[in-house]
Amino acid sequence: MLTNEVTKENLNKLVVSFYTRVLKDDLIGPIFKDVLGEDMKGDKWQAHIELLTNFWASIALGDFTYNGNPFAPHVQFQDKLSIKAFEQWMKLFFVTLNTIYEPQIAQQFLARSKNIAGNFIRNLQLS
Ligand code: HEM
């Protein structure tokens with residue numbers, strides 16, 4: 001059942017479900033595997049999932065559990081990034097959002113992530 005309510009629990013579900021799709025993706029899966037490994041149950045993935053749950057909670061719930069620099073780590077693998085890779089990221093994120101949230105909430109997350117992705121693309125000077 002789709003929900004209109006954003007909670008820490010459903011944000012965690014969103015993040016886990018999104019990365020499950022990401023790992024199966026031929027274009028962007030390998031980029032994540034290079035940095036975090038193949039096994040989502042591994043320590044690096046578990047830390048990443050917690051970090052990203054906090055990232056979205058800070059945006060959507062204002063709970064201040066994330067205070068990192070979202071852009072910084074992407075510089076280390078920028079040679080593997082492209083506009084096409086970001087478009088695929090957005091596509092998988094949108095598909096996942098729509099399995100959890102009502103369209104109005106999904107749209108808000110999508111708008112926010114599009115904005116952030118646009119900043120990343122500009123800062124990394126991707127084509
Ligand atoms: C093709 C696009 C993308 C790829 C391949 C990618 C990949 C990654 C990887 C591998 C990490 C872990 C880095 C590490 O632990 O060293 C990471 C971190 C992160 N990513 Fe992305 N990412 C992409 C797009 C995005 C977008 C669009 C957003 C936001 C809407 C985002 C938000 C974050 C955040 C918040 C972190 C954690 C930063 C920190 O360490 O505090 N990423 N990303």
Side-chain angles (χ1 to χ4, degrees):
M1 210 173 86
L2 299 178
T3 180
N4 253 326
E5 195 198 357
V6 180
T7 65
K8 198 96 181 192
E9 287 70 32
N10 63 36
L11 286 173
N12 184 253
K13 199 170 128 192
L14 170 75
V15 169
V16 170
S17 174
F18 170 62
Y19 287 122
T20 302
R21 285 187 173 80
V22 164
L23 279 179
K24 290 184 194 142
D25 187 82
D26 289 342
L27 182 64
I28 63 171
I31 309 174
F32 282 89
K33 285 179 191 164
D34 274 358
V35 182
L36 300 169
E38 308 233 343
D39 180 11
M40 260 179 70
K41 299 223 159 23
D43 290 350
K44 284 187 190 170
W45 267 109
Q46 289 302 307
H48 184 67
I49 288 164
E50 193 185 339
L51 194 66
L52 269 286
T53 301
N54 289 340
F55 171 73
W56 287 113
S58 295
I59 289 175
L61 305 172
D63 76 354
F64 300 108
T65 47
Y66 177 85
N67 65 354
N69 179 341
F71 175 69
H74 300 87
V75 175
Q76 63 176 319
F77 45 85
Q78 61 176 315
D79 53 319
K80 296 183 191 123
L81 295 172
S82 59
I83 291 179
K84 212 169 155 225
F86 272 90
E87 282 171 356
Q88 189 65 4
W89 188 106
M90 299 293 310
K91 191 176 146 194
L92 297 180
F93 195 54
F94 195 41
V95 166
T96 314
L97 283 166
N98 282 305
T99 66
I100 298 177
Y101 299 111
E102 298 279 0
Q104 196 205 345
I105 304 287
Q107 280 299 337
Q108 287 174 14
F109 277 103
L110 187 72
R112 196 58 191 253
S113 58
K114 264 189 184 160
N115 193 271
I116 299 168
N119 289 335
F120 284 13
I121 288 169
R122 234 182 347 272
N123 291 338
L124 294 167
Q125 301 184 317
L126 298 179
S127 51

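We count ligands from 1, going down the list as the structure has it; atoms in each ligand are counted the same way.
Taking 4.0 Å as the cut-off, Y66 counts as a neighbour of ligand 1 on heavy-atom distance. At least one heavy atom of F77 sits under 4.0 Å from some atom of ligand 1. Residue K80 places every heavy atom at 4.0 Å or more from ligand 1.
Of all protein heavy atoms, the one lying nearest to atom 22 (N) of ligand 1 is H74 NE2, 2.9 Å.
Checking Q78, K84, K44, Q76 against atom 16 (O) of ligand 1, the nearest heavy atom belongs to Q76.
Among the atoms of H48, none of the N or O lies under 3.5 angstrom from an N or O of ligand 1. Ligand 1 has no nitrogen or oxygen under 3.5 angstrom from a nitrogen or oxygen of W56.
Between Y101 and F109, the ring-plane angle classifies as parallel under the 30° and 60° cut-offs. Classified by interplanar angle (parallel below 30°, tilted 30° to 60°, perpendicular above 60°), the ring pair H48/W45 is perpendicular.
The distance from atom CG of N10 to atom CD1 of I100, rounded to the nearest 0.5 Å, is 6.5 Å. Residue L52 holds its CG atom at 8.5 Å from CH2 of W56, rounded to the nearest 0.5 Å.
When hydrophobic clusters are built by joining Ile, Leu, Val, Met, Phe, Trp and Tyr residues whose side-chain heavy atoms come closer than 4.5 Å, directly or via intermediates, F18 is grouped together with L61.
Remark: the R112 side chain and the N115 side chain contain no N/O donor-acceptor pair separated by less than 3.5 Å.
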